[in-house]
Novice: 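Take a look at the following structure, please.
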Protein chains: 2
Amino acid sequence: MIRCPKCQQVDAVTKAGIVRGKQRYFCKTCAAHFTLADTAPPAARSRHQVTIVDIARELGISKSTVSRALRGQSDIHPGTREAVMELAQQLDYQPNLLAYGLVKSQSNMVGMIVPEFRHYFFPEVIIGAQEVLQAAGYNLMICQSNESYQTEVANVKALMSSRVDGLLVSITSQTNNVEHFRALEKKGIPLVFFNRICPELDTHRVVVDDYAGAFRAVQHLIDQGYRRIAHIAGPPSLLVSRLRQQAYLDALEQAGIPFDPELLISYDLTDEKARIYARYLLDLPQPPEAIFAVNDPTAIQVILAAKARGICIPDELAVVGFSDDPISAIIEPGLTTVAQPVYEMGRTAARLFLETVGTQTAPTTRVLQTELIVRGSSSRKI
Amino acid sequence: MIRCPKCQQVDAVTKAGIVRGKQRYFCKTCAAHFTLADTAPPAARSRHQVTIVDIARELGISKSTVSRALRGQSDIHPGTREAVMELAQQLDYQPNLLAYGLVKSQSNMVGMIVPEFRHYFFPEVIIGAQEVLQAAGYNLMICQSNESYQTEVANVKALMSSRVDGLLVSITSQTNNVEHFRALEKKGIPLVFFNRICPELDTHRVVVDDYAGAFRAVQHLIDQGYRRIAHIAGPPSLLVSRLRQQAYLDALEQAGIPFDPELLISYDLTDEKARIYARYLLDLPQPPEAIFAVNDPTAIQVILAAKARGICIPDELAVVGFSDDPISAIIEPGLTTVAQPVYEMGRTAARLFLETVGTQTAPTTRVLQTELIVRGSSSRKI
DNA sequence: CTGTTAGCGCCTTCAT
DNA sequence: ATGAAGGCGCTAACAG
C-alpha cells in the first residue's frame with residue numbers, strides 16, 4: 001500500500017529494485033520512480049516547523065548546502081547563500097536545537113539547581129549567571145530543590161536527561177549523600193558549586209569568605225560594646241553555616257567572652273522556624289544583647305520579633321545579618337549586614353563553567369570578598 | 001578501510017553484498033559478517049552517556065526491545081523487561097530527551113518570558129508555574145526580556161529553537177509590535193499571557209481584575225478623607241497600567257473630586273525613576289495628600305522618599321501600592337496594598353497551558369480576584 | 001562549490 | 001515477544 005507522491009494513487013505502484021540501499025518504486029500512472037522518502041506528503045507536515053529540507057526542496061538544492069549556507073561556512077556560492085538566507089528569513093526558519101544537540105551531543109543548555117528562590121539571594125545569582133551564559137549562547141534551565149534531597153536528585157536526573165552541558169548548583173541542607181554529583185563527574189559534565197558547596201567533592205566552586213565576613217560581623221558587635229551575643233546559625237550540614245558559626249565562636253574567644261551554649265541555635269532556615277527561635281531568644285530569662293543571624297531573612301525575623309515586643313534596637317538589642325538583602329536597607333532600623341557580591345557570584349559561576357567546558361581545567365575555587373555594612377540595627381552613630 | 005568490529009583488523013575485510021538495503025562486510029579472520037552499524041567501537045564512545053543501544057548490546061537483544069521494556073509497554077517478556085530495567089539502573093541510564101523530542105516533535109519544555117525577576121512578583125509566578133509543570137513532566141526555561149522589545153523577540157526565537165511545547169509570557173513595556181507572537185499562533189504553539197497581556201492577541205490569558213482592585217484602593221483613600229490624591233502610573237503601553245489608571249480617574253470622578261493632571265505621572269517602572277518621581281511629587285508647591293502607586297516597589301520608593309523628608313505617614317501623606325510584596329508588611333508604616341494571588345497566577349497559567357496542549361481549546365481568559373490589605377500607610381486605625 | 005552518505009538516540013510500523 | 005528498518009532534523013566526512 002505505497003502511495004505515489006504525485007498522483008496519490010496506490011494501485012499503479014510497483015517495486016523497482018534497490019538503489020543506493022533504498023527501495024525504489026515506480027508509478028505506472030505518473031511513469032516516475034520514487035522512494036519512500038518522497039512519499040512524506042507536504043500536507044501531512046502541516047503544523048510543523050520549517051526545516052532545512054523544506055528550504056532545500058524549495059530551492060532545488062541539497063540540505064547539506066542549506067546547512068552550510070545557514071551556518072555561514074566557507075565554500076559556498078554567494079548566490080546560493082543569499083537565496084538560502086532570504087528564504088529562511090521569509091519562512092521564519094528556526095534551527096531545531098534538539099536535532100543540533102543530538103548530532104553534536106551538546107545541548108547548549110546549562111542546568112541550575114537552587115534550594116529556593118523566594119528570597120533575594122538566589123534570583124540575583126540567577127540573573128548574574130544567565131547574563132553571561134546567554135551572551136555565550138547558552139540557555140539556563142532552573143530547578144528548585146526546595147531544600148529536599150530527593151528533589152535535588154530528581155532535578156539532577158531531569159537535567160541529565162535534557163543533556164545539559166553543565167550544572168551550577170547550590171545544595172540543599174539535607175544533602176548528605178553526594179553520589180548523584182559523583183555520577184556527573186564520571187560522565188565529565190562540568191559541575192560548579194556556588195554558595196552552598198560540597199566540600200567532599202573536588203569540583204569548581206564559587207564562595208565568599210564566609211568565615212572572614214562572619215568574624216568581622218561579630219567583632220563589630222563586640223566593638224560596639226555588646227558582650228552577650230547570640231547566634232542563630234543555619235543547619236550544620238551546610239558548610240556556610242559551619243564557617244559562620246565557627247567565626248562567631250572564634251570571635252568571642254578572641255575577645256575573651258565566654259561562650260554560652262544557650263545563645264547558639266541552629267535551624268533549618270525556614271521563615272517559620274526563624275520566627276520561633278527569634279522569639280525564644282528574646283524571651284530568655286537573660287536575653288542576649290545582640291544577635292548575629294546566619295542570613296538576612298533570619299535577621300529580619302529577629303527585628304520584627306523585637307519590635308513586636310517593644311524592644312528598642314539597637315539600644316536593647318543589636319542585630320546583624322548576612323548578604324545585604326535589599327530589605328535590609330528598607331527595614332527600620334536598617335539592618336547591619338555582611339554584603340556579598342551575589343550578582344557577581346552568579347557571573348563567576350557561569351564563567352567558570354564556560355572556561356571549563358571543552359578544556360577540562362582543574363577544579364578551581366573562586367573566593368569573593370564580603371563587606372560589612374553598618375546600619376542602625378547595631379550602631380547608634382548611623 | 002573498514003575495520004572489523006571484533007578483531008579490529010582492516011585488511012581481512014571484504015564487501016559481502018547488500019542485505020536489506022545495508023552494505024554487508026565479511027571478515028576473513030573472524031569469519032563473520034557485519035554491517036557498518038556494528039563497527040562503532042565502544043572505545044570511541046568513551047565519555048558518552050549510556051544509550052539503549054549500549055543496553056541492547058550488553059543484553060544481546062535489539063534496541064527496539066530495550067525501548068519497549070523501558071517504556072513499560074505491553075508485549076514484553078517479563079524476564080527481558082526485568083533484565084533491561086536492572087541493567088539500566090545499574091548503568092545509570094537516562095533517556096536522551098533531545099532524541100526523544102526529535103522523534104516525537106515535542107520537547108517537554110515550556111518557555112517563560114518575564115520582563116525582570118528582581119522583585120517579588122515574577123519569581124513568585126515562576127514558583128507557581130514550575131510546580132504544576134514539573135508535576136506534569138515539563139521543564140521550564142526562563143528568559144528575562146529586561147523590558148526590552150528586542151530581547152523579547154530574541155527570547156521567543158531562542159525558545160522556538162529549543163522547540164518548547166508552549167510559552168508563558170508577560171510582555172515588556174516596549175512591546176508594540178506583536179508579530180513574533182502571531183508567528184507562534186500560526187505554528188500552533190500554545191501561548192499563555194499572564195499579568196501583562198496583549199489585548200490585540202486572541203490567546204489564553206491570566207489576569208487579576210486590575211480595574212476593580214485599583215478602584216477599590218483609591219476609594220479607600222477617599223474614604224479615609226484624602227482628597228488630593230496622586231497616581232504614579234506605569235507606562236501606558238501596558239494594559240495593567242491603563243486599567244489601574246482609569247480606575248484611579250473613575251474613582252475620583254465618582255467621588256466628585258476634580259482631576260489634577262499635575263498629580264498623574266506615568267513612568268517606565270525602573271527603581272531609579274520611581275525615586276525621582278516620588279521626590280518630585282513630594283516637592284510640589286502643593287503636594288498630594290495621598291499617592292496611589294501602580295505597584296509596590298514604586299510605593300516603597302514613595303515611602304522612603306517621604307521618610308527622608310520627615311513627612312509623616314499617614315498623617316501628612318497616605319500611600320497605597322499594588323501586589324502585596326512581602327516588603328509591604330515589613331516596612332514602617334506597613335504599606336496598604338492591593339493583594340493579588342501571584343503564586344496562583346503562575347499555577348493558573350501553567351494549568352491553562354496543560355489544558356490546551358494537544359486539545360486546541362478556545363482562548364480562555366482567567367480573571368483572579370484581588371483583595372485590599374489596609375496597613376498603616378493609609379490608616380491610623382491599624 | 002555541491003551532493004551523498006552515515007549517524008546522533010530514540011520511537012514506530014512492519015515483519016517474523 | 002522480538003528484530004529490522006526508517007525517519008525525526010541536523011552535521012560531518014567524503015566524493016566529485
Novice: So does B:Ser64 reach the base of D:dA4 with its side chain, donor to acceptor, closer than 3.5 Å?
Specialist: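 Counting by modelled atom types and ignoring angles, a donor-acceptor contact under 3.5 Å is found here.
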Novice: Taking atom P of D:dG9 as reference, at what distance in whole Å does atom CZ of A:Arg57 sit?
Specialist: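 Distance, rounded to whole Å: 10 Å.
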Novice: Between C:dT13 atom P and B:Asp75 atom CG, what is the distance in whole Å?
Specialist: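 Whole-Å distance recorded here is 14 Å.
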Novice: Hey, is the side chain of A:Arg68 pairing donor to acceptor with the base of C:dG3 inside 3.5 Å?
Specialist: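 Looking at the base of C:dG3, it does pair with a donor or acceptor on the side chain of A:Arg68 (distance under 3.5 Å).
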Novice: Answer with base, sugar-phosphate or nothing: what part of the nucleic acid does B:Arg71 contact at a heavy-atom distance below 4.0 Å?
Specialist: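 Base, at least one base atom sits under 4.0 Å.
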Novice: Residues in ring-ring contact (aromatic ring centres under 6.0 Å, His included) with B:Tyr100, at least two apart?
Specialist: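 B:Tyr100: no ring-ring contact (aromatic ring centres under 6.0 Å, His included) contacts found.
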Novice: Without placing hydrogens or testing angles, list every side-chain donor-acceptor pair under 3.5 Å for residues 82-93 of chain A, not counting sequence neighbours.
Specialist:
residue, atom, partner, partner atom, Å
A:Asp92, OD1, A:Gln94, NE2, 3.2
A:Asp92, OD2, B:Lys187, NZ, 3.2

Novice: Rounding to an integer number of Å, can you tell me how far B:Ile76 CD1 sits from C:dC11 C1'?
Specialist: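 The distance from CD1 of B:Ile76 to C1' of C:dC11 comes to 13 Å, rounded to the nearest Å.
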Novice: Of the non-hydrogen atoms in A:Leu184 and A:His180, which two are nearest, and what is the gap between them?
Specialist: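 Minimum heavy-atom contact is CG-O, 3.6 Å.
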Novice: Would one find a side-chain N or O of A:Thr51 under 4.0 angstrom from OP1 or OP2 of D:dC8?
Specialist: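 The answer is no; no side-chain N or O of A:Thr51 sits under 4.0 Å from OP1 or OP2.
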Novice: Taking only residues two or more places apart in sequence or in another chain, which ones pass ring-ring contact (aromatic ring centres under 6.0 Å, His included) with A:Phe194?
Specialist: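 For A:Phe194 there are no ring-ring contact (aromatic ring centres under 6.0 Å, His included) partners, ignoring immediate neighbours.
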Novice: Expressed in angstrom and rounded to an integer, what is the separation of B:Ile52 atom CD1 from C:dT12 atom P?
Specialist: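 Distance check: B:Ile52 CD1 to C:dT12 P gives 11 Å.
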Novice: Calculate the interatomic distance between A:Leu97 atom CG and D:dG9 atom P; express it in whole Å.
Specialist: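 Those two atoms, CG and P, are 14 Å apart.
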Novice: How many Å lie between CD on B:Gln49 and P on C:dC10, as a whole number?
Specialist: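 Taking atom P of C:dC10 as the reference, CD of B:Gln49 is at 10 Å.
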Novice: Quickly work out the B:Ile55 CD1 to C:dG9 P distance and round it to whole Å.
Specialist: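 Taking atom P of C:dG9 as the reference, CD1 of B:Ile55 is at 12 Å.
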Novice: Check every strand shown and say whether A:Ile61 touches a base, only sugar-phosphate, or nothing at a heavy-atom separation below 4.0 Å.
Specialist: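 Here A:Ile61 touches the backbone only, sparing every base.
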Novice: Is any side-chain nitrogen or oxygen of B:Ser67 closer than 4.0 Å to OP1 or OP2 of C:dT12?
Specialist: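 The answer is no; no side-chain N or O of B:Ser67 sits under 4.0 Å from OP1 or OP2.
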Novice: In residues 99-109 of chain B, which residues come under 4.0 Å of DNA chain D by heavy atom?
Specialist: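 Per residue number, the list reads B:Leu102, B:Val103.
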Novice: For A:Thr80 and A:Lys63, take the nucleotide of DNA chain C holding the closest heavy atom to each; which residue's nucleotide lies nearer the 5' end?
Specialist: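 Upstream on the strand: A:Thr80.
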Novice: Quick one: list whatever passes side-chain hydrogen bond (donor to acceptor under 3.5 Å, both in side chains) with B:Ser67, sequence neighbours left out.
Specialist: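 With neighbours one apart ignored, the set is B:Arg71.
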Novice: Between B:Thr65 and D:dT2, does any side-chain N or O lie under 4.0 Å from OP1 or OP2?
Specialist: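 Answer is no, no contact under 4.0 Å.
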Novice: Please report the distance, rounded to the nearest Å, between CG in A:Asp54 and P in D:dG9.
Specialist: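 A:Asp54 atom CG is separated from D:dG9 atom P by 8 Å.
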Novice: Let me confirm one number: the CD1-CD distance from A:Ile142 to A:Gln130, rounded to the nearest 0.5 Å.
Specialist: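 Going from CD1 on A:Ile142 over to CD on A:Gln130, the span is 5.5 Å.
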Novice: Restricting to side-chain hydrogen bond (donor to acceptor under 3.5 Å, both in side chains), what partner residues turn up for A:Thr65, sequence neighbours left out?
Specialist: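 side-chain hydrogen bond (donor to acceptor under 3.5 Å, both in side chains) check on A:Thr65 returns A:Ser62.
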